[in-house]
Amino acid sequence: MMLRESFLNFAYLIVAITGIILLSFYSASNAGLQVKINEINDLMIDSIVIVNAKIDSYYLKTNLFLQLNDGTGKIKAIKFNPSIEDMLFIEENTFIQVKGKISKNNETLTLIVQEMKAWK
Amino acid sequence: MEVIFSLFLFLLAGLFLGLIAGLLPGIHSNTIAVIALSLSLSNSLGLELSVMLMSMSIMQSFIDFIPSIFLGIPKEESFISLLPGQRMLLKGKGLHALNLVIQGSFFGGLIATILIGLFYLFLIKSEKIISMLIPFILVFALTTMILNEKTLKQKINAILIMTLSAVLGLIVLNNNLIFQPLFALISGFFGVSAALISINTSKIKLKQKIKTEKISVLLTIKAIFLGMISGFIVSVTPSITGNGAALIVKEISGKITTSLYLMIIGATNTVNYILSFIVLLALGKTRTGTAVAMKHLFSFSEKHLLLIIAVCLISLAISAITAKIMGKTILKHLQDIELKKINYFVLAFLIVLCIVFSGIMGLIAMLTATSIALLGMQLKVNRSNCMAFLIVPVLLNLLM
């Protein structure tokens with residue numbers, strides 16, 4: 001049995017479409033990759049991650065500065081211009097889920113918060 | 001949406017770079033990988049650049065065969081296709097030779113991608129056993145190459161050619177004075193020698209059949225199977241190239257047709273690149289320059305398996321289509337030129353390139369390799385015996 005040109009072209013098309021679908025799945029599932037704080041490293045700079053952690057401490061100026069702890073490690077998080085809704089559940093020793101971008105400030109890895117919500 | 005768009009953009013950029021690296025001799029995806037690594041000092045685009053390198057490697061594994069088969073310009077990953085490929089080219093079947101390689105690459109790569117999960121598990125369990133087997137396979141390959149010669153006189157001549165090639169390989173490959181020593185040796189053994197012979201014997205034009213020939217399903221299945229074995233050997237064994245592994249598989253499987261051999265070589269190269277990503281993921285080891293760069297660019301884990309599969313699938317499909325279109329276009333332009341002129345061009349090109357990349361010492365190595373290959377032709381032994389230049393140093397490297 002011989003492989004026809006049309007079959008090959010069809011195979012290329014199907015394989016490409018499958019790849020694009022899988023890439024979409026990957027992108028959707030990694031819109032925020034769930035990580036533990038001790039997994040965060042320099043190679044993840046600029047990656048979007050989701051962290052579930054306890055608020056060790058916080059202070060508010062124009063921006064909200066948080067010290068997060070998930071039992072595996074600690075990380076500093078910054079929420080620029082937080083809204084009133086953001087501040088509703090901010091309290092020491094409460095658990096929150098934070099989605100944000102890993103960044104490095106003064107040689108320290110920091111989480112630039114995009115979204116956050118209470119986490120139980 | 002932003003994530004998929006940026007990943008897709010880098011994937012396409014990688015495919016374009018792979019096309020350039022494949023068509024231009026002397027430029028390898030490893031060189032581009034090093035440049036990509038230096039561009040990413042901030043690590044801010046680690047994942048995107050890794051995607052670019054993956055797609056670039058896959059595209060190059062397809063395109064590499066165009067200069068090898070059509071012009072007789074040997075490339076590091078495809079030079080072993082030069083002899084059977086050029087044989088078919090001289091019969092007017094250059095496009096068919098390229099299609100065989102493309103089909104082998106595509107289906108070999110596709111099956112390797114589908115089986116990525118299995119390979120991942122297998123690698124973790126059996127890495128040590130495989131490494132232990134490699135020296136035996138290499139000795140077996142050398143022995144079979146000698147035994148494949150027909151008469152006793154030819155067998156003795158084959159040993160002579162192998163010894164000369166091995167000695168040259170040991171001297172040049174262990175000598176840091178020559179930059180890109182593999183390029184100089186491969187060009188000498190398989191490029192310059194072939195061009196010289198063609199200049200003396202050929203006055204024909206490269207009249208080629210542009211209509212595509214069908215390839216049988218059975219041949220494709222055989223090629224995938226053997227290509228997977230040799231691609232796997234390359235991806236897990238240090239210091240062995242795709243060509244070396246294809247040769248081993250050829251020797252192990254006994255007499256195989258030129259068509260099947262070309263498909264195996266195609267499958268081997270692409271499978272090797274795809275599995276090198278998995279070897280990096282499973283064992284943290286790097287077998288290609290691209291994998292080395294990827295290791296520094298991004299911390300891959302099981303979470304990225306889906307991304308690797310997606311990149312491989314898209315790259316395989318686009319690479320296969322691009323290689324077919326490029327092959328047809330280039331061949332249409334080449335067939336009106338007298339073969340002798342092409343050979344003169346290739347000869348001058350290889351010599352200039354060798355001087356630029358490897359210097360005068362490289363040129364001396366290339367000319368020595370050419371002499372050994374020409375001697376082999378005069379003694380009427382298979383030119384594949386020259387492969388000892390690579391197999392023997394690798395073998396000694398593994399045993400010491």
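Nothing here was measured: the structure is a model prediction, and the numbers come from that model. Chain naming here is simple, since letters A, B, ... match the order of the sequence lines and numbering starts at 1 in each.
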Q: Counting only non-hydrogen atoms closer than 4.5 Å, does A:I102 touch chain B with its backbone (N, CA, C, O), its side chain (CB onward), both, or neither?
A: neither

Q: Given that the side chain runs from C-beta out, which part of B:L305 has a heavy atom under 4.5 Å from chain A: side chain, backbone, both or neither?
A: neither

Q: A side-chain contact here means heavy atoms from C-beta on lying under 4.5 Å apart; do B:F106 and A:L8 qualify?
A: no

Q: Verify the neighbour count for atom NZ of B:K91: are there more than 12 heavy atoms of other residues, nucleotides or ligands below 6.0 Å?
A: no

Q: Answer yes or no: are there more than 12 heavy-atom neighbours, outside B:F225 itself, under 6.0 Å from its atom CZ?
A: no

Q: Sub-4.5 Å heavy-atom contacts with chain B: which residues of residues 54-66 of chain A show up?
A: none

Q: When only pairs under 4.5 Å are counted, which of B:I314, B:T220, B:L316 shares the most heavy-atom pairs with chain A?
A: B:I314

Q: Scan for salt bridge (charged side-chain N to carboxylate O under 4.0 Å, His left out) pairs involving residues 309-325 of chain B, sequence neighbours excluded, and state none if there are none.
A: A:E5-B:K324

Q: Measuring only between side-chain heavy atoms, which start at C-beta, is B:I309 closer than 4.5 Å to A:Y26?
A: no

Q: Find the distance between CD1 (A:I14) and CG (B:L313) and round it off to the nearest 0.5 Å.
A: 11.5 Å

Q: Are more than 12 heavy atoms, taken from residues, nucleotides or ligands other than A:F10, located less than 6.0 Å from that residue's CZ atom?
A: no

Q: Which atoms of B:L110 are under 4.5 Å from chain A, going by heavy atoms: the side chain, the backbone, both sets, or neither?
A: side chain

Q: Identify the two heavy atoms, one from A:G19 and one from B:A310, that lie closest to each other, and give their separation to 0.1 Å.
A: O-CB, 3.4 Å

